[in-house]
Participant: 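Structure provided below as structure tokens; questions to follow.
As the structure lists them, so they are numbered: ligands from 1, and atoms in each ligand from 1. Any value given below was found using the heavy atoms of this structure, including those in side chains, with hydrogens, waters and symmetry copies removed.
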Amino acid sequence: MFQKILIANRGEIAVRVIRACRELSIETVAIYSDVDRDALHVRFADEAYFIGPPPARDSYLLMDRVIDLAKRSGAEAIHPGYGFLAENGDFADLCEKEGIGFIGPNGDVMRSMGDKVMARQTMEKAGVPIVPGTTHVLSDSEAIAFSKQIGLPVMVKASAGGGGKGMRLVRDEGDLEQSIARARSEAMSSFGNDSIYVEKFVEQPRHIEIQILADSHGNTIHLFERECSIQRRHQKLIEEAPGNGITPELRERMGKAAVTAAQAVGYVGAGTCEFLVDQHDDFYFLEMNTRIQVEHAITEAITGIDIVKAMIRVAAGDPLGIDQQDVKITGHAIEARIYAEDPDNGFVPSPGEIIVYRPPGGIGIRVDSGVHHGATVTVHYDPMVAKLIAWGCDRTESIDRLKRALSEFVVKGIKTSIPFHQMVMRHPVFLEGKYDTGFIDDHMDGGKGGDELQAQDDQEVRRVAFMLAAIAAYQRDKKRASTARAKTGGGGVDPWTDFARRAQMRGNLR
Ligand code: MV4
């Protein structure tokens with residue numbers, strides 16, 4: 001086993017990895033940029049080293065510097081977390097070349113999944129169902145001909161893409177040429193590679209993903225599914241496990257498909273196979289994420305398996321030590337991602353100092369957070385400030401606990417998605433559990449307006465907007481506190497009554 005690990009990340013995931021290391025008696029090394037000197041992950045680690053200025057490309061993404069710090073601190077392995085260098089095959093190669101363990105699959109495996117056309121070919125050969133479409137990179141004329149052949153609507157996707165980037169839906173034949181050109185140029189500017197392929201469009205799909213774990217001794221297991229359809233612009237907001245209405249038979253077929261997918265590329269570590277599930281419960285492989293994911297905690301909650309510890313162990317060469325039959329689902333878990341964003345205003349970022357931070361607790365509640373009282377949320381990194389995970393014996397209990405915890409959660413100084421989650425937890429369609437990837441557009445007004453402010457990136461205008469928002473928040477909080485006292489003599493009042501009432505007027509709630 002490793003004695004010392006460097007965590008090449010920040011925020012809640014760095015804290016999560018440090019906690020796993022501590023339980024395994026492994027020493028931890030944090031790295032931090034200028035704005036993260038005071039961050040929680042730095043306070044939690046045994047040692048911490050400065051990496052560079054705030055922009056990630058000048059700090060957390062500097063491969064040579066990360067490796068140099070690992071060597072100088074005596075860390076034998078690097079955990080990349082998610083984002084940053086986590087799915088960079090060249091970084092994994094570099095670690096190997098420099099004699100440092102990379103906690104994740106090797107570079108070849110990452111590249112084979114990172115190239116979506118290659119991944120589709122591999123899955124087709126292995127017998128994993130893929131969305132009907134091409135398994136070769138196409139010229140413009142081939143893409144047009146093929147689209148007409150399988151019939152519209154189609155999705156034109158970038159081979160180097162993933163997570164929704166470089167993707168275009170085409171419903172009319174007349175739009176094919178232009179959409180292909182746009183997808184290509186987007187792919188070129190985002191990934192430096194303009195290869196595209198075409199898939200049949202799956203209408204109103206659900207996004208269901210399977211967590212897998214694999215060791216270097218040939219053991220691969222799955223930890224069941226997560227339902228991740230509640231997303232806005234390819235940013236997940238709520239996830240739950242197990243999925244709603246997933247029969248034991250479908251669960252087993254999808255689990256087996258994910259294990260087959262992992263084995264087909266010689267996967268070692270923790271990984272996730274994303275599938276689209278259509279209205280007939282047919283499922284199609286979309287892509288494989290070769291990293292720990294934000295939403296891993298709901299799987300931990302229903303299986304009792306510490307996924308981060310497992311990935312450290314298998315990277316050190318240990319066997320998994322559990323078989324598929326040992327893994328059972330207990331209860332239900334839901335995660336609400338708390339972002340520093342204003343959900344009432346098109347989810348515009350809401351950076352600033354967190355002047356009050358009081359996370360919830362109690363039975364069934366887990367909060368994974370990278371912030372603390374007095375921390376500042378900057379514009380340099382992902383705006384997710386906390387993950388709130390509620391476990392219950394069944395779905396109803398996990399929803400009740402999440403609602404209760406959301407009402408306890410106090411974050412002041414910035415706006416957060418807490419009121420949005422409060423609304424979803426009361427929405428009849430969510431409560432019924434019959435939703436798909438259209439949920440936010442169809443039932444939550446797409447996340448509500450704010451497009452003017454979103455298009456505005458003038459620093460000064462933003463600064464003024466934040467100041468006005470802070471003043472408004474202060475006055476609102478004062479008013480709320482006094483009405484709460486007047487109504488109830490203190491306590492017991494849902495702090496989001498105003499938000500819920502406005503939502504009700506829009507007809508979002510019963
Ligand atoms: C699709 C699709 C429908 N048909 N592909 C979006 C993210 C990327 N991983 C793939 N995505 C989609 N691919 C075909 N052939 C619909 C989506 C999609 C989606 C997928 C998962 C979760 C949310 C989504 C929201 C819009 C579109």
Participant: Can you confirm, on distance only, whether ligand 1 has an N/O atom lying under 3.5 Å from any N/O atom belonging to Lys157?
Facilitator: yes
Participant: Within a distance under 4.0 Å of any heavy atom of Glu199, pick out the atoms of ligand 1 and give their elements.
Facilitator: 5 (N), 14 (C), 15 (N)
Participant: When you look at Thr272 and Arg291, which way does the side chain to side chain donor-acceptor pair (under 3.5 Å) test go after all the steps?
Facilitator: CA-CA 8 Å; Thr272 299; Arg291 57 166 194 274; over 6 Å; no
Participant: Which residue and non-hydrogen atom of the protein lie closest to atom 19 (C) of ligand 1, and at what distance in Å?
Facilitator: Thr437 CG2, 4.2 Å
Participant: Could you tell me which atoms of ligand 1, counted from 1 in the order shown, lie closer than 4.0 angstrom to a heavy atom of Val131?
Facilitator: 15 (N)
Participant: Considering only heavy atoms of Lys200, which atoms of ligand 1 have at least one such atom less than 4.0 Å away?
Facilitator: 4 (N), 14 (C), 15 (N)
Participant: My understanding is that we take every heavy atom of each candidate and find the minimum distance to atom 2 (C) of ligand 1. Doing that for Met167, Arg206, Met155, which one comes out nearest?
Facilitator: Met155
Participant: Hey, is CD on Glu252 packed in by over 12 heavy atoms from elsewhere, all under 6.0 Å?
Facilitator: no
Participant: Is it the side chain, the backbone, both or neither of His234 that has a heavy atom closer than 4.0 Å to ligand 1?
Facilitator: side chain
Participant: Is Asp400 salt-bridged to Arg395, going by a charged N under 4.0 Å from an acidic O?
Facilitator: no
Participant: CD of Glu408: more than 12 outside heavy atoms within 6.0 angstrom?
Facilitator: yes
Participant: Which residue owns the protein heavy atom closest to atom 7 (C) of ligand 1, what's the atom, and how far is it?
Facilitator: Gly164 N, 3.5 Å
Participant: Would you say the rings of Tyr339 and Phe420 are close, in the sense that their centroids are separated by under 6.0 Å?
Facilitator: no
Participant: Would one find an N or O of Val202, backbone or side chain, under 3.5 Å from an N or O of ligand 1?
Facilitator: yes
Participant: What I want to know is whether Gln231 and ligand 1 share at least one N or O pair that is separated by under 3.5 angstrom.
Facilitator: no
Participant: So which protein heavy atom does atom 21 (C) of ligand 1 come closest to, and at what separation?
Facilitator: His207 ND1, 3.3 Å
Participant: What about the rings of His443 and Tyr435, do their centers lie closer together than 6.0 Å?
Facilitator: no
Participant: For ligand 1, which atoms have a heavy atom of Leu286 less than 4.0 angstrom away?
Facilitator: 9 (N), 10 (C)
Participant: If you measure from each heavy atom of Glu274 to ligand 1, is any distance below 4.0 Å?
Facilitator: yes
Participant: Could you check atom 20 (C) of ligand 1 against the protein and tell me its nearest heavy-atom contact, residue, atom and distance included?
Facilitator: Leu276 CD2, 3.8 Å
Participant: What about Glu287: any of its N or O atoms under 3.5 Å from an N or O on ligand 1?
Facilitator: yes
Participant: Between Glu300, Glu239, Glu12, which is the residue that forms a salt bridge (charged side-chain N to carboxylate O under 4.0 Å, His left out) with Lys387?
Facilitator: Glu12
Participant: Pair Val131, Val202 - check side-chain contact (heavy atoms from CB on, under 4.5 Å), show working.
Facilitator: CA-CA 8 Å; Val131 185; Val202 181; 3.9 Å; yes
Participant: Less than 4.0 angstrom from a charged side-chain N to a carboxylate O is my criterion; do Arg16 and Asp306 meet it?
Facilitator: yes
Participant: Answer yes when Lys157 and Glu199 have at least one side-chain N-carboxylate O distance shorter than 4.0 Å, and no when they do not.
Facilitator: yes
